[in-house]
Amino acid sequence: MSSLNSKGTPWAAFQQWLYTRNMGSRLTTLLFFLPPALVLFTLFVAMPISEAIYYSFFKWKGLTAISESGEWRGWGNYLLVLKHSVFHTAVLNTLKLIAVSLCIQLPVAMAIALMVAEQGRLNSLFRLIYFLPFILADVVAGLIWRYVYDGDYGLVGQISRFFGSEGYYPLADKNTAFNAILLVTIWKYTGYHMMIYIAGLQGIPKDLLEAAKLDGASRWQTIIRIKLPLIKHAIQLSVFFSIIGALQFFEMVIPLTNGGPANSSHTIVTYLYQYGIVRMRVGLGSSVGVMLFVACVMFAFMYQKFIMTKDD
């Protein structure tokens, strides 16, 4: 009698429903793994974003509860940021970083990848050498290059004295500070994009390259008409990472210049850090964070929709 009654319980009905709708255990996997992922996403992504949007409408230092010391400003923080000359400099520097990444860093990475993509011990050694800078943490790389740029003891100072001039400090000159950071960026991330291109080049069928060679195609024609079109998706991915990385560029600026001199080397994220965290203007920093988040999401969505999914 009890076995008959158990068949009509909600648990038995759920078991029967799960048995018929499981779709090869996919539904069971979803029920086990989706709730923890949703909880983590809510705690560490959705809630911080929502709080940042809320705080961006207040003038608040973050030292006490927002209900006690927060002053409602509406869109005031956003208008203040958009009128701030340092923010204009930060945006311009970020655009410079994007331009240098797309016009210098990625072509250099592609040229190196085309030279060392073939299998071989010597090429493997060169790939390791070019990739080593990327292994270093950004802060460590910044500290190393800060010493290199030092006008007293660094390489730049030694070169200056070799030519009979006084030690030069590129990081102390507002006209050259961010250009020095751009040089470090090229050195640091070229190897990363090189590896992306090498992975794409090594996936090209050898038969296709041999057929092109038999047809009399030159090395340049093979690169332009065969290799580059076949690694189109690797190039698209590399461009995406370059732009998103430039929008979020932060760690290397702090040890090199900390945004100086005279706020000339700020990026958007270092501006957020300096004016939102260091100066305890949480509402202002939140507004910058919200604008940066919207820019990244819009770019990622548009790039995915019109570039990544576009087939020739």
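This is a predicted model, so every value here is computed, not measured. Quick note: numbers below take in every heavy atom, side chains included, and nothing from hydrogens, waters or symmetry partners.
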I want to check something: taking the side chain as every heavy atom from C-beta on, are Tyr78 and Phe57 in contact at a cut-off of under 4.5 Å?
yes
So if you build clusters from Ile, Leu, Val, Met, Phe, Trp, Tyr with side-chain heavy-atom gaps below 4.5 Å, do Val45 and Leu43 land together?
no
When the side chains of residues 277-291 are checked against the rest of the protein, which donor-acceptor pairs come out under 3.5 Å, sequence neighbours left out?
unit_1: Ser286; atom_1: OG; unit_2: Val282; atom_2: O; d: 2.8
unit_1: Ser287; atom_1: OG; unit_2: Leu284; atom_2: O; d: 2.5

So do the side chains of His88 and Leu92 get within less than 4.5 Å of each other, counting heavy atoms only?
no
Donor-acceptor pair, side chain of Tyr303 and main chain of Gln236, under 3.5 angstrom:
yes
Donor-acceptor contacts, no H, no angles, side chain residues 124-138, under 3.5 Å, sequence neighbours left out:
unit_1: Ser124; atom_1: OG; unit_2: Gly120; atom_2: O; d: 2.8
unit_1: Ser124; atom_1: OG; unit_2: Arg127; atom_2: NH2; d: 3.2
unit_1: Arg127; atom_1: NH1; unit_2: Val116; atom_2: O; d: 2.5
unit_1: Asp138; atom_1: OD1; unit_2: Lys188; atom_2: NZ; d: 3.2
unit_1: Asp138; atom_1: OD1; unit_2: Tyr189; atom_2: OH; d: 3.0
unit_1: Asp138; atom_1: OD2; unit_2: Tyr189; atom_2: OH; d: 2.8

Check: Ser165 side chain, Ser160 main-chain N or O, donor-acceptor pair, under 3.5 Å
yes
So which of Leu183, Asn175, Asn179, Val156 actually passes side-chain contact (heavy atoms from CB on, under 4.5 Å) with Pro170?
Val156
Only pairs at least two apart or in different chains count here, so list each salt bridge (charged side-chain N to carboxylate O under 4.0 Å, His left out) that has a residue in residues 81-106.
none
Nearest 0.5 Å, please: how far is CD1 in Ile231 from CD in Gln202?
11.5 Å
Stepwise, does the side-chain contact (heavy atoms from CB on, under 4.5 Å) test hold for Arg73 with Leu80?
CA-CA 11 Å; Arg73 298 198 63 182; Leu80 181 61; 4.2 Å; yes
Minimum heavy-atom distance between Phe178 and Thr267, given as atom pair plus value
CE1-CG2, 4.0 Å
Rounded to the nearest 0.5 Å, how far apart are CD1 of Ile104 and OG1 of Thr185?
11.0 Å
Leu171 with Tyr153, same ILVMFWY side-chain cluster at under 4.5 Å
no
Output a table of donor-acceptor pairs, distance under 3.5 Å, between side-chain atoms of residues 240-251 and any protein atom two or more places apart or on a different chain; print 'none' if there are none.
unit_1: Ser242; atom_1: OG; unit_2: His193; atom_2: NE2; d: 3.3
unit_1: Ser242; atom_1: OG; unit_2: Ser238; atom_2: O; d: 3.0

Using ring-ring contact (aromatic ring centres under 6.0 Å, His included) as the criterion, list what pairs up with Trp60, not counting sequence neighbours.
Tyr55
Within this structure, what is the NZ-CD1 distance for the pair Lys232 and Ile307, rounded to the nearest 0.5 Å?
10.0 Å
Looking at NE2 of His84 and OG1 of Thr89, how far apart are the two atoms once the value is rounded to the nearest 0.5 Å?
8.5 Å
To the closest 0.5 Å, what do you measure between CG (Asn93) and OG1 (Thr270)?
8.0 Å
Euclidean distance, Gln304 CD relative to Phe299 CZ, rounded to 0.5 Å
10.5 Å
When the side chains of residues 255-263 are checked against the rest of the protein, which donor-acceptor pairs come out under 3.5 Å, sequence neighbours left out?
unit_1: Thr257; atom_1: OG1; unit_2: Gly259; atom_2: N; d: 3.3
unit_1: Thr257; atom_1: OG1; unit_2: Ser265; atom_2: OG; d: 2.6
unit_1: Asn263; atom_1: OD1; unit_2: His266; atom_2: NE2; d: 3.2

Can you see which heavy atom on Thr222 is nearest to which on Ala217, and at what distance?
OG1-CB, 3.9 Å
List the steps, then state whether side-chain contact (heavy atoms from CB on, under 4.5 Å) holds for Ile204 with Lys227.
CA-CA 7 Å; Ile204 297 176; Lys227 291 185 177 181; 3.9 Å; yes
More than 12 heavy atoms of other groups within 6.0 Å of Trp220 CH2
no
Heavy-atom pair with the smallest gap, counting every atom of Leu201 and Ala113:
CD1-O, 3.7 Å
Hey, does Leu114 have a side-chain heavy atom less than 4.5 Å from the side chain of Tyr197?
no
Same cluster for Leu95 and Val294 if Ile/Leu/Val/Met/Phe/Trp/Tyr side chains link at under 4.5 Å?
yes
Can a donor-acceptor pair be found, under 3.5 Å and without considering hydrogens, that links the side chain of Arg161 to the backbone of Asp152?
yes
side-chain contact (heavy atoms from CB on, under 4.5 Å) assessment of Trp187 paired with Trp145:
CA-CA 10 Å; Trp187 170 83; Trp145 277 86; 3.2 Å; yes
Please check if the number of heavy atoms outside Arg146 that lie under 6.0 Å from its CZ is greater than 12.
no
With hydrophobic residues grouped by side-chain heavy-atom distances under 4.5 Å, do Leu106 and Ile224 end up in a single group?
yes
Check the hydrophobic clustering (I, L, V, M, F, W, Y; side-chain heavy atoms under 4.5 Å; chains of links allowed) and say if Ile181 and Ile254 are grouped together.
yes
